[in-house]
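Both ligands and their constituent atoms are indexed starting at 1 by order of listing. The figures here come from the full heavy-atom set of this structure, side chains too, leaving out hydrogens, waters and symmetry mates.
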Amino acid sequence: MSFRSGRHFLQIPGPTNVPDRVLRAMDLPTIDHRGPDFAELGREVIAGMRRVFQTEGDVVIYPGSGTGAWEAALVNTLSPGDHVLMYETGHFATLWSQLARRLGLEVRLIDGDWRRGVDAAVIESCLRDDREHSIKAVCVVHNETSTGVTSNVPAVRRAIDAVRHPALLMVDTISSLASIDYQHDAWGVDVTVGGSQKGLMLPPGLGFNAISAKALRASQSAALPRSYWSWEEMLGPNSKGFFPYTPATNLLYGLRESLRMLLDEEGLNNVFARHHRLAEATRRAVRTWNLELLCLNEEEYSDSLTAVLMPDGHDADALRKAILERFDMSLGSGLGKVAGKVFRIGHLGDFNDLMLMGTLAGVEMGFAIAGVPHTAGGVMEAMGYLSERRNN
Ligand SMILES: *Cc1c(COP(=O)(O)O)cnc(C)c1O
């Protein structure tokens, strides 16, 4: 490999760019995780994560990927053979449903076209038909990272309440947490699943569950086997800032730093506004290029990533390859059903106006190099939008 000067542009929708401050914060000796210094760190990051999830309830932090946190949500609350209602918003919702089936759950996956979010009316009618209340959980992905579509979680809550169904509501926020507004308590969610490597601006390696009182009660009778993922094992030591097994101490140093940046210095509402503005500039560029967004509903546009449909007969992966080779920028590939048909621009995490301009310039130059038909000027359009509008 030859040396490439300047920074690599990591514009996939996670893992995201890790700020230098966070990298430096992790570059410390690993301490005794049973000692007094650790307890302070443990308490600070758990309290901070409560603010990120917008909950007063329990939050558990696992050394693990988001997929592990998906598994934790299910094994702590459900029993073998329980019925679970899921919604095929895209690749990640499909993967979660496959994981649930492998655990021995009876999954009904509502079909989706990968261009829209969850239709709460369909969930409501499934639950209305379930008179015996055999469905124990409704699981949805808040921000579907494969499609760039953000679903309306409060509408799902209202659908469950409209038919007075007792199912738990579980939500994957892995690519929305700390990028797009999300309120675990106010939206009546029972288990929220998160990960470290997207909006939280950390390397991969931490998974999160936010847990409602109702979910905690369900965990007392849930019969799926669990040990590593057991909430009960975690919550005891967590109350004193400790963990039942060796935590990812250095990632927690990083988390402490990113929480200070997000919560205390920038403020969550400003973080959300920044993501919205950069996402809107991206969408304006795409429209100017005369290309189509995968997401069909304006009110469901994702503020953390944009999935762009390629013109017929043009391969998204050939474009991504050209951009990586020429400009040292990684863009997200199309996953599952939309492989080769879309590319994804990640605009979440540690990201600002000029990073977006560099990203969009790389895409527009890539079109020219790869021979992708488009109208030039998307970059100019985004520049105009960003220069007219401040963040706050
Ligand atoms: C990234 C992502 C996952 C998978 O997380 P891993 O850390 O790769 O296990 C799941 N769901 C969504 C919505 C994601 O964006």
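By the ring pair (Phe, Tyr, Trp, His ring centres under 6.0 Å) test, Trp114 is found to be paired with no residue, residues two or more places apart in sequence or in another chain being considered. Qualifying side chain to side chain donor-acceptor pair (under 3.5 Å) partners for Asp130, counting only residues two or more places apart in sequence or in other chains: Ser134, His165. In terms of the ring pair (Phe, Tyr, Trp, His ring centres under 6.0 Å) criterion, residue partners of Trp70 (sequence neighbours excluded) are, by chain and number, Trp96.
For Arg101 (side chain) and Val107 (main-chain N/O), a donor-acceptor pair under 3.5 Å exists by modelled atom type.
The protein residues lying under 4.0 angstrom from ligand 1, judged by non-hydrogen atoms, are Ser65, Gly66, Thr67, Trp70, Phe92, Val141, Asn143, Thr145, Asp172, Ile174, Ser175, Gln197, Lys198.
For His142 and Tyr182, the ring centers are positioned less than 6.0 Å apart.
Taking the side chain as every heavy atom from C-beta outward, Phe242 and His33 never approach each other to under 4.5 Å.
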